[in-house]
Amino acid sequence: MQLEIRPDPAEVGRARKWARSRLAGSGIGVDEPLAETLILLVSELVTNAVVHTGRPAVLRLSLPVPLAEPPPSATVRVEVADSSSRAPVPRCAADDATGGRGLALVDCLADRWGWSPDGAGKSIWCELDRCSGPRRSAAMAYGSGLSAYEDLAFEAV
């Protein structure tokens, strides 16, 4: 399923609302930690696309098929495609910076993430496994722990 995103910061809230509405039919309760993490990841990836490219984007959401008992390997995938071909660029965010931590946060919360060329643009994606144990703390993205990127934050452009 997918949602067209206009290059407007107000679209971030619309994307979160849309993603929440899709959870109901997937067997993932809106109050589950997985759902809360998923909505945060949608917010971060859509924000990056809207703020850093100023171009339309497409949010894609792949949810598990609803079953009485979800398989232990059920994976949720969030993907945002935009028309900018510029790769995500690492940057350091100062302690008092008001932005620049979006993909560091994605790195801390998702089980996997990455990006790839997509037509004339790119696609940034992340996945959450329903059976995963507790995720690393989001505090790592804000300098309170070690992540795979240490003090680097990322900007998707």
Side-chain angles (χ1 to χ4, degrees), residues 1-66 70 74-91 93 97-132 134-142 147-149 152-157:
M1 59 191 86
Q2 68 181 35
L3 176 69
E4 303 288 326
I5 304 290
R6 296 181 309 269
D8 176 356
E11 290 288 88
V12 178
R14 187 171 76 92
R16 284 192 300 262
K17 184 176 180 179
W18 177 83
R20 272 191 201 96
S21 74
R22 297 309 179 262
L23 292 177
S26 72
I28 299 172
V30 294
D31 57 346
E32 283 185 46
L34 176 70
E36 294 172 5
T37 302
L38 171 70
I39 299 305
L40 179 57
L41 292 169
V42 164
S43 187
E44 290 300 328
L45 293 182
V46 171
T47 297
N48 279 348
V50 168
V51 170
H52 297 298
T53 72
R55 300 175 185 178
V58 176
L59 167 61
R60 296 183 185 109
L61 191 57
S62 299
L63 298 168
V65 176
T75 297
V76 175
R77 182 178 174 102
V78 176
E79 182 177 344
V80 176
D82 63 52
S83 60
S84 171
S85 62
R86 293 181 54 201
V89 177
R91 65 181 184 145
T98 59
R101 294 176 182 84
L103 288 181
L105 189 60
V106 171
D107 178 56
C108 288
L109 296 176
D111 290 303
R112 289 166 299 286
W113 77 273
W115 75 277
S116 60
D118 185 0
K122 69 176 170 307
S123 176
I124 299 178
W125 58 269
C126 63
E127 295 178 337
L128 295 167
D129 296 329
R130 193 165 196 181
C131 63
S132 292
R135 288 176 177 70
R136 293 176 281 169
S137 167
M140 283 194 277
Y142 293 93
S147 80
Y149 300 100
L152 295 178
F154 291 82
E155 174 182 57
V157 292

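Since this is a predicted model, take the numbers as computed values, not measurements.
- Residue L59 holds its CG atom at 9.5 Å from CZ of R14, rounded to the nearest 0.5 Å.
- Without hydrogens or angle criteria, E32 side chain to G29 main chain gives a donor-acceptor distance under 3.5 Å.
- Annotation: side chain of R16 is in contact with side chain of V12 (closest heavy-atom distance under 4.5 Å).
- In this structure, E36 and V30 approach most closely via the heavy-atom pair CG-O, 4.4 Å.
- Taking both residues in full, the closest heavy atoms of L128 and A110 are given as CD2-CA, 3.8 Å, listed atom of the first, atom of the second, then distance.
- The nearest pair of heavy atoms linking W125 to R77 is CG-NH2, 3.2 Å.
- Counting only heavy atoms from C-beta outward, the side chains of N48 and I124 never approach each other to under 4.5 Å.
- Atom CG of L61 and atom CZ of R22 lie 8.5 Å apart (nearest 0.5 Å).
- At least one donor-acceptor pair under 3.5 Å links the side chain of D111 to the backbone N or O of D129.
- Put simply, the side chain of W113 does not reach to within 4.5 Å of the side chain of L41, judged on heavy atoms.
- Here CG of D118 is found 11.5 Å from OG of S85. Values are rounded to the nearest 0.5 Å.
- Looking at heavy atoms from C-beta onward, C126 lies out of side-chain contact with L109 at the 4.5 angstrom threshold.
- Scanning both residues, A49 and A57, for their nearest heavy atoms gives CB-CB, 4.0 Å.
- Side chain of K122 to backbone of S84: a donor-acceptor contact under 3.5 angstrom is found.
- In plain terms, the two heavy atoms of R60 and A81 that are nearest each other are NH1-CB, 3.6 Å.
- For the pair L38 and L63, the minimum side-chain heavy-atom distance is below 4.5 Å.
- Between R55 and D82 there is no side-chain heavy-atom pair separated by less than 4.5 Å.
- For E79 against S123, the heavy-atom pair with the smallest separation is OE2-OG, 2.6 Å.
- Note that CH2 of W18 and CD of E11 are 12.0 Å apart. Values are rounded to the nearest 0.5 Å.
- Between H52 and R86, every side-chain heavy-atom pair lies at or beyond the 4.5 Å cut-off.
- No side-chain heavy atom of I5 sits under 4.5 Å from any side-chain heavy atom of V58.
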